[in-house]
Amino acid sequence: MIDLPKTYEPQAVETKWYERWLELRCFTPDPASRKPAYSIVIPPPNVTGVLTLGHVLNNTIQDILARKARMEGREVLWLPGTDHAGIATQAVVEKTLKKQGLIRHRDDLGREAFLARVWEWKEKHGGIIIQQLKKLGASCDWSRERFTMDPAYSRCVQQVFVDLHRKGLIYRGRRMVNWDPAARTALSDEEVIMTEEQGSLWHLKYPLLDERNQPLADAFVIVATTRPETMLGDEAVAVNPADPRYQHLIGRHCLLPLQNRRIPVVADELVDPKFGTGCVKVTPAHDPADYEMAQRHRLPLTVVIGPDGVMTPAAGEDFVGLDRMEARKAVIEELETQGLLLKVEPYTHNVGYSERSHVPVEPYLSDQWFLRYPSIDASTAAVEQGQIRFYPDRWVKTYTHWMRNLKDWCISRQLWWGHRIPVWYRKPAGSSSEGGARHVEADPATAAIHVDVEPPPDPENWVQDPDVLDTWFSSWLWPFATMGWPESTPTLRKFYPTTDLVTGPDIIFFWVARMIMAGYEYLGDKPFAAVYFTGIIRDKLGRKMSKSLGNSPDPLDLIAQYGADALRFGIMRSAPLGQDVLYDELHVELGRNFCNKLWNACRFRQLQGGSPEAEIDPALLTVDDKWLLLKLDRAIREISSAFAEYRFTEVTQTLHRFFWNEYCDWYIETSKAVFQGDNPARKANTLAVIDFVLSHMLRLFHPFLPFITEELWHGLDYQLELPDAQGGQTIMFAPWPKPLGDTFKLHYGLDESDERLVDARCALIGRGRNLRREFNIPANRKVTFVIRPTGGMSPHDVEVLRLLLNADAVNLDPAYAPPQGTPSALSELGELFMPLAGLLDVAAERARLTKELAKVQIEIDRVQVKLDNPAFVQKVPPAVLEDHQKRLADARAKQGQLQAALDALGNP
RNA sequence: GCGCGCUUAGCUCAGUGGAAGAGCACUUCCUUCACACGGAAGGGGCCGCAGGUUCAAGUCCUGCAGCGCGCACCA
């Protein structure tokens, strides 16, 4: 046994044990094991990312689940890895290269050279977040670490693409998609964030044309728009066919200002007569609804905004080359000059922003690949019927709502970094094989295609689709692609389906729902049994953590300052199920204080000397020992049921209460009565009780506080005599505590009456300490107490009272007659007096007793009102009635005693 | 517009029909031989508002308000 220093110093301890755990290969499970499997796949962080407090919360929870499962005797796989994060990573690398002046645009390098740079970047920065997770204590099986661009993983992604294509679920089509002009790629619907904005509704005047196509002097069609720059691409004005105001316009034409183009007025049901003017400008190439209308009315498409968000030549020479926002201003200015701007109204509307680039998304017509989701019914039913459980379960509704309104998923991205689409188009005969702009050599619309994991045997005659797949199209395979699918590996057989998934509700559609569908489609089984949704970490003002606000602390700094255990415990204690977490560094400080307290509680045990005691002698147990064991039993039961419902905060609260209040504040203090006494057998037995309880407590704490518990486990020699695999090598595999059980309680004579006795004694001590305070006895001054006991009281009890009341003596005297004015307090165990020779303050005692009497009177009144109600007495269950009657009797008795004490003080 | 949360002590939150709770913060006392990263004792709540059900409502029902978050092609 090594001596424990006075203050816990986490740094060296954490490094030492993490290395030891790796040496012992504690995190690497054996698929051949006969133990029941427990598995989690990590939500793969961005390979170039750094650890955030969100990761800390998420991964601490996973680690808690994994460590607890290990202690419960399960074969545990926590499978880690990272995600290639297509858009984000490509953007970061592109930006860096531009900053270094190496390129102006990625085209300057070309695809192959650019990708080489990205891989270089990945090799350099890709390991950072993994190293950070290790600092946190994450017990991942690093030998199975995966990356979504690993060759085997890529092959798996391509195979799924090919399969879904063969099933007819993947198709290519020309559609209006969400376009990110900054990243210059299509996005899925889920990657568009709708943001409410204060905009304007511009009312524009389009001159009406007469039969000879001449503008009428004073006849206009008024359209309202939030995006005036798109008017350059208008092809019609639409009205509702049933709108009586505009019947005369249908079939006529007006003049599109600035472009001087003749456009028709069409009738379409889509137009809401009640909104705006009831006339809608139709821009087929730049609005999804307008595109639909254009198809119905066979209108041409004029593209005036290019893929980079800059106006095209079709926008006219006044506007070509302008950014879309500049073009808006210019169009408005020009219309105003021409007197065609009727008015501008302030208008609140929703604008879609790219989740990645944070620029407004542009509806853009392009050729893309789409997926019609597979295994929808099985996936919906699994969650609805509870084969997959959500915690908290209210997310089930969100999930099923989305599943019932699925729209095809746009899976192609106009990027280089990612899984290239395994589709090749046959070049027209006689074309050269020189590289060039995309889609020049083969027309994908008409060319023969080759869709396969393997390229065509004669690659020179084919050209591969240049696009890559959405990153989520690889992530949705994570639970099984990481385990070696499509091979039937031992890992896959043992650990799929996984047990728990821990993630944020913000990716319920992106990831959770899609993983479920992929799981049913390819493994015929759910990918996980339960999903725990964490809250979002916010600062103490409720704002999201963000780099620009500078309110996002670096977890590694916190670990360096307070220790990983402190950070874990602090975060967990403030993270209620289903709600956001308001982070405050104070929580981490409290976590550190907690660790220090635990450290010192164990140090107290160590200072008592002696080696770990194996056997508790039931005959030598004090009431305090029994009380503590019963409290331990209760704590274990509470912790088990809290864990069963993933109520981690409740677990930490119970641990806190049991350890701090019950063990430290009461039990340790009472044990001093034994340790300061002269009964060696009893001392040894107390040590045995402490060792029993501490060894349970350390195990209960281990999932939350892996490092300090391991250090203390060995520091107190609890590993001695245990088999290697059962806690002898590491606390990680020590058996998870079970409730004590009836046999145990019978053997040790644990009875609730012991618990009640000690609780009553605690209450008595509380009364006594209160007297000290009320009469301004300094905490360090010893006084004498006298008790007029109601029953028997053991010498041990008296000694405990003496210590905890900081008394020089506690005298039992059934016939005690206190001097007038002696402060007193009532308790179940007897009346307590604090005689203060020469310091009696009759007035103070009278005031105190009067205050007490007032409190009792409130209680009497409250219960009396209920009992006086005939309906109450008649209808209430007997147990409740008895309870109330007892309350009244107790309160009256107390009132009598207080009154007697008050009378004894004499008149004021 | 539809849906889902939340509203209880100064703060963060428990409390799922029978006496308003915890942690932190606050006040006062204490360096007593585990711990001042500590101990002890206190103060502090029309449980968002209004109705209803019930012998009994923080708890169940109905409205309303405020805050937050999803979903939705009204330009």
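A note on names: the letters A, B, ... follow the listed sequences, proteins ahead of strands, and every chain is numbered from 1. Keep in mind the model is a prediction, meaning the values are calculated, not measured. Side chains are part of it too, since the values below use all heavy atoms of this structure and drop only hydrogens, waters and symmetry mates.
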- request: Give the rounded distance in Å between these two atoms: NE2 of A:His884 and P of B:G18.
  value: 11 Å
- request: For nucleotides 70-75 of chain B, just jot down a letter per nucleotide in 5' to 3' order: B, S or -, based on protein non-hydrogen atoms under 4.0 Å.
  value: -SBBBB
- request: Provide the distance between the two C1' atoms, one in B:C55 and one in B:G15, to the nearest whole Å.
  value: 23 Å
- prompt: Taking all non-hydrogen atoms of both residues, which atom of A:Leu694 and which atom of A:Tyr663 are closest, and how far apart?
  reply: CG-OH, 3.7 Å
query: Would you call A:Glu859 and A:Lys894 a salt bridge, using N to O less than 4.0 angstrom?
result: no
query: Under 3.5 Å, is there a donor-acceptor pair linking the side chains of A:Glu384 and A:Thr400?
result: no
field: Donor-acceptor pair present, A:Lys597 side chain and B:C37 base, under 3.5 Å
entry: no
message: What I want to find out is whether A:Arg767 reaches A:Glu852 closely enough, with some N-O distance under 4.0 Å, to be called a salt bridge.
response: yes
statement: Nucleotide by nucleotide, nucleotides 7-15 of chain B touches protein heavy atoms under 4.0 Å in the pattern (B base, S sugar-phosphate only, - none) ------SSS
Between the protein and nucleotides 54-56 of chain B, list every N/O to N/O distance that falls short of 3.5 Å.
| residue | atom | partner | partner atom | Å |
| --- | --- | --- | --- | --- |
| B:C55 | OP1 | A:Lys875 | NZ | 2.0 |
| B:C55 | O2' | A:Asn869 | ND2 | 3.0 |

query: Sequence neighbours excluded, which residues qualify as salt bridge (Lys or Arg N to Asp or Glu O under 4.0 Å) partners of A:Asp234?
result: A:Lys281
query: Do other residues, nucleotides or ligands put more than 12 heavy atoms under 6.0 Å from the CD atom of A:Glu828?
result: no
statement: A:Lys6 NZ to B:C37 P, in whole Å, measures 10 Å
- prompt: Does the ring centre of A:Tyr373 sit less than 6.0 Å away from the ring centre of A:Trp402?
  reply: yes
query: Would one find a side-chain N or O of A:Lys397 under 4.0 angstrom from OP1 or OP2 of B:C4?
result: yes
- line: When rounded to whole Å, the CD1 to C1' distance for the pair A:Ile668 and B:G38 reads 12 Å
field: Contact summary for A:Pro363 and A:Arg227, nearest pair of heavy atoms
entry: CD-NH1, 3.9 Å
field: Gap in Å between the two P atoms, one belonging to B:G17 and one to B:G58, rounded
entry: 13 Å
- request: Determine, for nucleotides 27-32 of chain B in 5'-to-3' order, which nucleotides have protein heavy atoms under 4.0 Å from the base (write B), from only the sugar-phosphate (write S), or from neither (write -).
  value: -BSSS-
message: Once hydrogens and angles are ignored, does a donor-acceptor distance under 3.5 Å link the base of B:A40 to the side chain of A:Glu669?
response: no
query: Distance between the P atoms of B:A19 and B:U27, in whole angstroms?
result: 34 Å
message: If the cut-off is 4.0 Å, is A:Arg862 near the phosphate of B:A20, judged by side-chain N/O to OP1 or OP2?
response: yes
field: B:A50 and B:A65, which share atom name C1', separated by this distance in whole Å
entry: 10 Å
- prompt: If you measure only the distance, is there a donor-acceptor pair under 3.5 Å linking the side chains of A:Arg892 and A:Gln864?
  reply: yes
Distance-minimising heavy-atom pair for A:Asp565 and A:Phe704: OD1-O, 4.3 Å
message: Between B:C47 and B:A20, how many Å separate the two C1' atoms, rounded to a whole number?
response: 8 Å
field: Interatomic distance, A:Leu590 CG vs B:C24 P [rounded to whole Å]
entry: 7 Å
Side chain A:Asp584, main chain A:His587, donor-acceptor under 3.5 Å: no
- request: State, without any angle test, whether A:Tyr353 and A:Glu191 hold a side-chain donor-acceptor pair at a distance under 3.5 Å.
  value: no
task: Quickly work out the A:Tyr663 OH to B:G39 P distance and round it to whole Å.
output: 15 Å
query: If only side-chain N and O atoms of A:Trp660 are considered, is one of them under 4.0 Å from the OP1 or OP2 phosphate oxygen of B:A22?
result: no
- line: Per atom distances to the A:Arg394 side chain, the nearest of B:G23, B:A19, B:G5 is B:G5
query: Which of residues 888-895 of chain A have a heavy atom under 4.0 Å from RNA chain B?
result: none
field: Passing candidate, side chain to side chain contact (heavy atoms under 4.5 Å, CB included) with A:Thr277, options A:Ile222, A:Leu204, A:Val221
entry: A:Ile222
- request: In whole angstrom, give the distance that lies between atom CD1 of A:Ile860 and atom P of B:A19.
  value: 17 Å
Side chain of A:Arg538 - closest among B:C69, B:C35, B:A34: B:C69
query: Can you name the nearest heavy-atom pair linking A:Pro284 to A:Gly233, along with the distance?
result: CD-O, 3.8 Å
task: Classify the nucleic acid contact of A:Cys595 as base, sugar-phosphate or nothing, counting any heavy atom under 4.0 Å across all strands shown.
output: nothing
